[in-house]
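Predicted model only: the values in this text are computed from it and were never measured.
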Amino acid sequence: MKTFHNIFLVICRAQLGESIKTIIHSDYPEQWPSLLHWVTHNLELQNQIFGALYVLRVLARKYEFKSEDERIPLYHIVEETFPRLLSIFSKLVQIVNPPIEVADLIKLICKIFWSSIYLEIPKQLFDPNVFNAWMVLFINLLERPVPVEGQPIDPEIRKSWGWWKVKKWTIHILNRLYTRFGDLKLQKLESKAFAQMFQKTYAGKILACHMQLLNAIRTGDYLPDRVINLVLQYLTNSVTKNSMYQMMQPQIDILLFEIIFPLMCFNDKDQNLWDEDPHEYVRKGYDIIEDLYSPRTAAMDFVSELVRKRGKNNLQKFIHFVVDIFRRYDEAPADLKPYRQKDGALLAIGTLCDKLKQTDPYKSELERMLVQHVFPEFSSRVGHLRAKAAWVAGQYAHINFSDPNNFRQAMHCIVSGMRDPDLPVRVDSVFALRSFVEACKDLDEIRPILPQLLDEFFKLMNEVENEDLVFTLETIVDKFGEEMAPYALGLCQNLAAAFWRCMASSEADDEADDSGALAAVGCLRAISTILESISSLPHLFIQIEPTLLPIMRRMLTSDGQDVYEEVLEIVSYMTFFSPTISLDMWSLWPLMMEALNDWAIDFFENILVPLDNYISRGTDHFLACKDPDYQQSLWNALQSIMMDENMEDSDIEPAPKLIEVLFQNCKGNVDPWVEHYLRITIERLRRTQKPYLKCLLVQVIANALYYNPLLTLETLNKLGVAADIFNHWFAMLQQVKKSGARVNFKREHDKKVCCLGLTSLIGLPADKIPAEALDRIFKATLELLVAYKNQVAENKKQNEEDADDMDGFDADEEDDEEVDSDKEMGLDDEDGDEVSSLELQKLAAEARGFQPADSDDDSDDDFSDDEELQSPIDEVDPFIFFVETVQGLQASDPARFQNLMQTLDFRYQALASGIAQHAEERKVEIEKEKLEKANAQ
């Protein structure tokens, strides 16, 4: 009865907790200002402390990741509650032989403190006396042994026992403080004194406690994995700091060989999982989230950092230790071989791969090491050594093998490993294969076994849902390119089948770390890679289409929101590279439009690409079909988006690009739509703030002029906006930065569209374009053509220089400069971290489109891949178009032409002469290009 009562209490508490959390996140502080007073009042009542602490934890958690401005309520919470919280904490810590309920209360206090300090330390804690009072209690908990009495026997339950949770959260907090204040170089001016105090008073004391805690591993006592992981993180962060490393140095051998290395070895827990649930063994081995909590990963990180920064004193002895294990393993009879230590030694060698490949004398011995100590384990009687051999071989696949037979032997062993009876061996073999395929200089090594390799690969995909498996397949496809054509249909069929399995698994398992969903995304990306590899073989797209249609149809609906970007990429390939766009593919248009109108506005840029393909490659069907009416559905979507006052400028940028696609591809066929699109363009232009969108909207007008200059000009006059539009356009053309670079129309494409639109006006009769307007248009077009010519030349030169740079490119080696242990205290070699942090901040700002207010940066912040897209105007040379238009004016109205020329001063006459000369040069270049293209075919 008591047990049932406890379970019922836990359930009620959990449900109440979720309700309180929901209300607090919604209503506090605006709708529930009295809540904080309730908390402070109940913290004074002995029988209400748990409830008060629970609510306080929810309050603090609400602001854990908030920005500085949004954390103001938290600072008020800290000010009101932390004095009493500290008093409660102190009394709880002082209780002798405390019951488990005390651990629950202390854990709540630790979580409150953690959430309050995670991003910023509240100013109240910068008071040395207050901070010291908290730290004394945390270090007391860190030093104090966990009570033996009451610990569960089951390790899975034991790690969640209250006192071990307290230990974990205590270490969490101390590690966080060390990360924040352990490096003086990373401190703001106002926090340097506090950081100095923390380092001097606490950092070393925490390190000593952590090293004492790790002794449990030597003595065989229990220590939860997460605790080990956190402690090793602290030690790893201490390696680069001289004062901290000097504390470690006397015990470094014990730490390295009796604590760290045993953690790297295969153990009983691994063996049980290998035997009982190999799928889970594989999942944990390749799960990034698992790595965050793994003692083994933390041990590997420590070794890597130690030899990278303190290699002078540690690398040689660690390698000697590993080699000695290899020797003892080789000398021992089969039943006495230290298999698990050999596994750890192989893991160590693989972990140190980057360091060993760069360091004498080891780098010259790597091939021999692989042949003697790794390759033999491919045929080991022990499964985990076969798996580890494959992994290590993959790590070293890129070294220069002096004997090609050794490379060939390793690769064949790995392919054989794909047929191993043990699933983890098969999976590790596939991942190793990716490295060998990347490193392979002669594809003849793989060609003979490619069919067999793919067959084994898909057998494995039927067993394991893992996105890394698909990445391996992508590597193979990338490497072989068009040679994959005979397998393309089979690959897509297998990947499609794998996709549906992964989706089914994902729908059945809603966990956040769902490997099925990730693998499903990987399948779609692999399909895109295959489609790209066969892009020059359009007939294959016809064969593949029926396999992919069910995926596209289902995943272009709201069911596919998690994979929408990947599916749109497949649709883009299918509509671009197929010989023609089939009616089945046209059936996808309504699905995309429905999604765009409903929920998919965030994918508008991705939807733009296939829509462009439909209009540009299926123009006749787009124009002729009335059921469905594609022209009407396009208008409905674009009109709704562009007229939506709540839509941000950046969200609608694809809309004017689509209107451009319409006008350029349907020249002479969409006259009735010109006024409609001009109306919404002008309306949006009036309230647009973002310069890039203004440029795109003006380019719609330029495209309309190129489509039909007379119709467009008459429409602008009808709407009563012609003068305003052209004044606005010319003002944008004249805007320059301090450096002289243009503020608007920065891309080649932008300038070209404007040139074509303005040039089209020059050809209109005198009663449509007055002399003054013609003069203004002519001069603006000349200046724009010169700017366009210069940009094309600069970009061509830059591309040639970039190509030269790539020809002489050598991969930058990682700066593995060690920290000199004899440096003065505090002068640790950590400037690189600071620089990286600053660079990351700068990159993040640029990614958000931010620039300093006084920036005169000439970079094109709004550049997109549009320069790479194909367009009907690609075949139109703006210089030839301009000259021929002016020649047409001269022929049709000589007097008007003569008047125009007389208004030009010497500068504009020189510009006109230069453009005319360049147009003749372009004619010669174009004919030459056509001839070369014809000869190439």
Inset, instruction - Give a yes or no on whether Gln561 atom CD has more than 12 heavy-atom contacts from other residues, nucleotides or ligands under 6.0 Å away. - result: yes
Legend entry - Atom of Tyr28, atom of Trp32 and distance for their closest heavy-atom approach: CD1-O, 3.4 Å
Legend entry - Check: Arg554 main-chain N/O paired with Thr557 side-chain donor or acceptor under 3.5 Å: yes
Legend entry - Beyond-backbone contact of Leu86 with Leu137, side-chain heavy atoms, under 4.5 angstrom: yes
Inset, instruction - For residues Pro610 and Met592, determine if any side-chain heavy atom of one lies less than 4.5 Å from a side-chain heavy atom of the other. - result: yes
Legend entry - 4.5 Å side-chain heavy-atom contact, Arg144 and Val93: yes
Legend entry - Side-chain heavy atoms of Val55 within contact of Ile24, under 4.5 Å: yes
Inset, instruction - Find the distance between NE2 (His210) and CG (Leu213) and round it off to the nearest 0.5 Å. - result: 8.0 Å
Inset, instruction - State, to 0.1 Å, how close Trp161 and Ile100 come at their nearest heavy-atom pair, and which atoms those are. - result: NE1-CD1, 3.5 Å
Inset, instruction - Could you give me the CA-CA distance, side-chain angles and deciding distance for Gln151 and Trp163, then say whether side chain to side chain donor-acceptor pair (under 3.5 Å) is met? - result: CA-CA 9 Å; Gln151 285 201 40; Trp163 286 112; over 6 Å; no
Legend entry - Partner of Tyr564 by side chain to side chain contact (heavy atoms under 4.5 Å, CB included), out of Asp602, Asp559, Leu556, Asn606: Leu556
Inset, instruction - Verify the neighbour count for atom CD of Gln639: are there more than 12 heavy atoms of other residues, nucleotides or ligands below 6.0 Å? - result: yes
Inset, instruction - State the CG-CG distance between Asn646 and Asp651, to the nearest 0.5 angstrom. - result: 11.0 Å
Inset, instruction - Quick one: closest heavy-atom pair of Pro656 and Val700, and the distance? - result: CB-CG2, 3.6 Å
Legend entry - Any donor-acceptor pair under 3.5 Å from Arg71 side chain to Tyr63 backbone: yes
Inset, instruction - Run the numbers on Tyr692 and Ser650 for side chain to side chain contact (heavy atoms under 4.5 Å, CB included), then give the verdict. - result: CA-CA 9 Å; Tyr692 181 52; Ser650 57; over 6 Å; no
Legend entry - Residues, nucleotides or ligands: over 12 heavy atoms within 6.0 Å of Tyr293 OH: no
Legend entry - Min side-chain heavy-atom separation Arg226-Lys159 under 4.5 Å: no
Legend entry - Any side-chain heavy-atom pair of Ile652 and Asp644 under 4.5 Å: no
Legend entry - Residues Leu53, Leu105; criterion side chain to side chain contact (heavy atoms under 4.5 Å, CB included); working and verdict: CA-CA 8 Å; Leu53 289 176; Leu105 294 174; 3.8 Å; yes
Legend entry - Heavy-atom check, side chain of Met593 versus side chain of Leu611, under 4.5 Å: yes
Inset, instruction - Assess whether atom CD1 of Ile288 is packed by more than 12 heavy atoms of other residues, nucleotides or ligands within 6.0 Å. - result: no
Inset, instruction - Determine, for Glu290 against Arg283, whether the closest basic-nitrogen to carboxylate-oxygen distance falls under 4.0 angstrom. - result: yes
Legend entry - Side-chain ion pair, Arg687 and Glu683, N-O less than 4.0 Å: yes
Inset, instruction - For atom CG of Asp562, decide whether the heavy atoms of other residues, nucleotides or ligands shown that lie under 6.0 angstrom number more than 12. - result: no
Inset, instruction - Could you walk me through whether Ile601 and Met647 pass the side chain to side chain contact (heavy atoms under 4.5 Å, CB included) test, one step at a time? - result: CA-CA 10 Å; Ile601 190 64; Met647 197 81 75; 3.8 Å; yes
Legend entry - Ile206 side, atom CD1; Ile173 side, atom CD1 - distance, nearest 0.5 Å: 11.0 Å
Please tabulate, for side-chain N and O atoms in residues 111-134, each donor-acceptor pair with protein atoms closer than 3.5 Å (sequence neighbours left out).
unit_1 : atom_1 : unit_2 : atom_2 : d
Trp114 : NE1    : Glu64  : OE2    : 3.4
Ser115 : OG     : Arg57  : NH1    : 2.6
Ser115 : OG     : Glu64  : OE1    : 2.7
Ser115 : OG     : Lys111 : O      : 3.3
Ser116 : OG     : Ile112 : O      : 2.8
Gln124 : NE2    : Tyr75  : O      : 3.4
Asp127 : OD1    : Asn129 : N      : 2.9
Asn132 : OD1    : Tyr202 : OH     : 2.6

Legend entry - Any donor-acceptor N/O pair, Thr170 side chain to Val166 backbone, under 3.5 Å: yes
Inset, instruction - Please check if the side chain of Lys167 supplies one atom and the backbone of Leu141 the other of a donor-acceptor pair under 3.5 Å. - result: yes
Inset, instruction - Decide if atom CD of Gln689 counts as having more than 12 heavy atoms of other residues, nucleotides or ligands within a radius under 6.0 Å. - result: no
Legend entry - Gap separating the CZ atom of Arg61 from the CG atom of Leu74, nearest 0.5 angstrom: 13.0 Å
Legend entry - Residue pair Ile49 / Leu43: nearest heavy atoms and the distance that separates them: CG1-O, 3.9 Å
Legend entry - Rounded distance (nearest 0.5 Å) linking atom CG of Leu232 with atom CG of Asn237: 11.0 Å
Inset, instruction - Measure across Met732 and Asn744 and return the closest heavy-atom pair with its distance rounded to 0.1 Å. - result: O-ND2, 3.0 Å
Inset, instruction - Begin with the C-alpha distance, continue with both residues' side-chain angles, and end with the deciding distance and a verdict on side chain to side chain contact (heavy atoms under 4.5 Å, CB included) for Ile171 and Val227. - result: CA-CA 8 Å; Ile171 298 170; Val227 169; 3.6 Å; yes
Inset, instruction - I would like to know whether Asn229 and Gln233 meet side chain to side chain donor-acceptor pair (under 3.5 Å); could you show each step before the answer? - result: CA-CA 6 Å; Asn229 177 281; Gln233 286 183 36; 2.6 Å; yes
Legend entry - Aromatic contact, His172 with Trp169 (centres under 6.0 Å): yes
Legend entry - Shortest non-hydrogen contact between Lys62 and Lys66, atoms and distance: O-CE, 3.3 Å
Legend entry - Pairwise side-chain contact, Cys110 with Ile106, heavy-atom cut-off 4.5 Å (strictly under): yes
Inset, instruction - Check whether more than 12 heavy atoms from other residues, nucleotides or ligands sit under 6.0 Å from atom CG of Asn97, and answer yes or no. - result: no
Inset, instruction - Nearest 0.5 Å please: distance from the OG1 atom of Thr40 over to the CG atom of Leu35. - result: 9.5 Å
Legend entry - Asp649 with Arg684: basic N within carboxylate O range, under 4.0 Å: yes
Legend entry - Lys21 and Glu18 ion-paired at < 4.0 Å: yes
